[in-house]
2 protein chains.
Amino acid sequence: MPLHRYKLTVAYDGTDFHGWQEQNPPGLAPLRTVQATLRSAIQQAVGRPIELIGASRTDSGVHALGQVAAFTADCSIPIERLALAINARLDDDLEVRSAEIAPDDFDPIGHAKRKQYRYRIWNSSQRPLMHRRHVYHCWSDLDPRRMNDAAMRLVGEHDFEGFANAGHGRLTTVRTVYDCRIEPDSAGCEVHVVIQGNGFLYNMVRIIAGTLIEVGRGQFAPSHINEILTHADRAAAGPTLPPQGLCLEWIKY
Amino acid sequence: MPLHRYKLTVAYDGTDFHGWQEQNPPGLAPLRTVQATLRSAIQQAVGRPIELIGASRTDSGVHALGQVAAFTADCSIPIERLALAINARLDDDLEVRSAEIAPDDFDPIGHAKRKQYRYRIWNSSQRPLMHRRHVYHCWSDLDPRRMNDAAMRLVGEHDFEGFANAGHGRLTTVRTVYDCRIEPDSAGCEVHVVIQGNGFLYNMVRIIAGTLIEVGRGQFAPSHINEILTHADRAAAGPTLPPQGLCLEWIKY
């Protein structure tokens, strides 16, 4: 059987996962993570151990519609049936949306050119009952136009250290944001922060969303964004919003 | 303090409740039900025991946007702050949407004139990941126009015994359906069964939705609805769909 590199596009509801990355705490049962759950299903489908690399190490509670993962295997399953074969071994909160054969050297982390995240803010005095696992509830009235003014200031190549929490462990904190805007949702009581970039620092989208909320409720001027960027001062930015509002929408290569 | 009858409009995500009705299995802890949870929060708010009556005994896993409940109490909380006071004592999957003073004899069951339910069918080969607690996943392609043709045949005063499961315990199985139609959802991969009536038998909406799915995927002709009505034959109708797709939207008095 030929050895192939496979590229998977993967979607999940992050609620019941301890994030993407496998975690095997000593003396305890392994945690339920996306990487471990998906790797195990792939191994059952292809009949041998594999190594699975994911493009983004999403945190516990964060969702994905377009996570990308890759593995190499000699596999007898036709490519058009591979997603189905893996999905048959997965619970209903995780799904392979597509599978394709990639170049032998395909690296989902290193070759990623552009990613889009969405942070959903539920802006109403009513509770988000049915949506509470997928939004952050903000009671204060938000001004989306002010937020959008602030969001646009993030576009470009900047040092985003002021929008990262400690522990990112990256050599450089310079990233390029290609687009950042506020989208109202169709139902009317949500405000979405949509952001595209070439890469994101630890908690960066959740801190940006937390900062834009402060702008939206009048605590920060939109120009405060420029100061955070200039001084790279995490303390000047807003809070890190909780994970459940965040979704990795797609990754382009 | 004056004794008042209070009418509450209540919304909940039914996922983590064992239905509306209080259940105290002997020798075991009481189950988490909407009625018990809400009654306890009201009692804390008003400072004394109350009896709480709900308009619809929704099953385990069924959701509500407009359940109606009533209680009588002498209560010092101003009516405009009562919902807030109760909500402060509720978890985030249950909410009093409004509270008002009702006539002394207000009976949420007996005085209900019209109710609307919605059953959400997720009709796609992709999984409903983020929506899986609020839809029923149907893989077969559905024809909404055929379903709508069948749905319209339910409108009117009929004996709905063929669309009820045993155990309803009602004296008569005659009900009036004021409206029954198929609505596509905005996102495009859902088909909703929307039904209004003066009352519903046990599992009636879930059996109607299950029967309309059989019509939609070509197993039944739309005219099969008339035969089920005529012969009052439960075995001729479709399956009882699972609870998570069902939502009680509103009740009119």
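The sequence lines fix the lettering, A, B, ..., with proteins before strands; numbering per chain opens at 1.
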K.L.:
Taking CZ in Arg89(A) as the centre, count heavy atoms belonging to other residues, nucleotides or ligands within less than 6.0 Å. Is the count above 12?
P.N.:
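Check passes, neighbour count above 12.
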K.L.:
Quick check: are there more than 12 heavy atoms from other residues, nucleotides or ligands sitting under 6.0 Å from CG of Leu84(B)?
P.N.:
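Atom CG in Leu84(B) is not packed in, count stays at 12 or less.
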K.L.:
Strictly less than 4.5 Å between heavy atoms, which residues of residues 28-42 of chain A line up against chain B? Please order them by number.
P.N.:
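Hits under 4.5 Å: none found.
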K.L.:
Side chain, backbone, both or neither: which part of Leu90(A) has a non-hydrogen atom closer than 4.5 Å to chain B?
P.N.:
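Backbone plus side chain of Leu90(A), per the 4.5 Å heavy-atom cut-off to chain B.
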K.L.:
In terms of heavy-atom contacts, does CD of Glu80(A) have more than 12 from other residues, nucleotides or ligands at under 6.0 Å?
P.N.:
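More than 12 heavy atoms, drawn from other residues, nucleotides or ligands, come within 6.0 Å of this atom.
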K.L.:
For Leu129(A) and His63(B), run side chain to side chain contact (heavy atoms under 4.5 Å, CB included): C-alpha distance rounded to whole Å, both residues' side-chain angles, the deciding distance at 0.1 Å, then the answer.
P.N.:
CA-CA 10 Å; Leu129(A) 297 170; His63(B) 316 289; over 6 Å; no
K.L.:
Could you tell me the separation between the OG atom of Ser98(B) and the CD atom of Gln126(A), rounded to the nearest 0.5 Å?
P.N.:
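The distance works out to 9.5 Å.
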K.L.:
Can you tell me how far apart CZ (Arg127(B)) and CG (Asp13(A)) are? Round to the nearest 0.5 Å.
P.N.:
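With rounding to 0.5 Å, CZ (Arg127(B)) is 12.5 Å from CG (Asp13(A)).
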K.L.:
Ala83(A) versus chain B, heavy atoms under 4.5 Å apart: side chain, backbone, both or neither?
P.N.:
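Neither part, no heavy atoms under 4.5 Å.
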K.L.:
What are the residues of residues 131-143 of chain B, in order of number, with any heavy atom under 4.5 angstrom from a heavy atom of chain A?
P.N.:
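Residues of residues 131-143 of chain B touching chain A at under 4.5 Å: Arg132(B), Arg133(B), His134(B).
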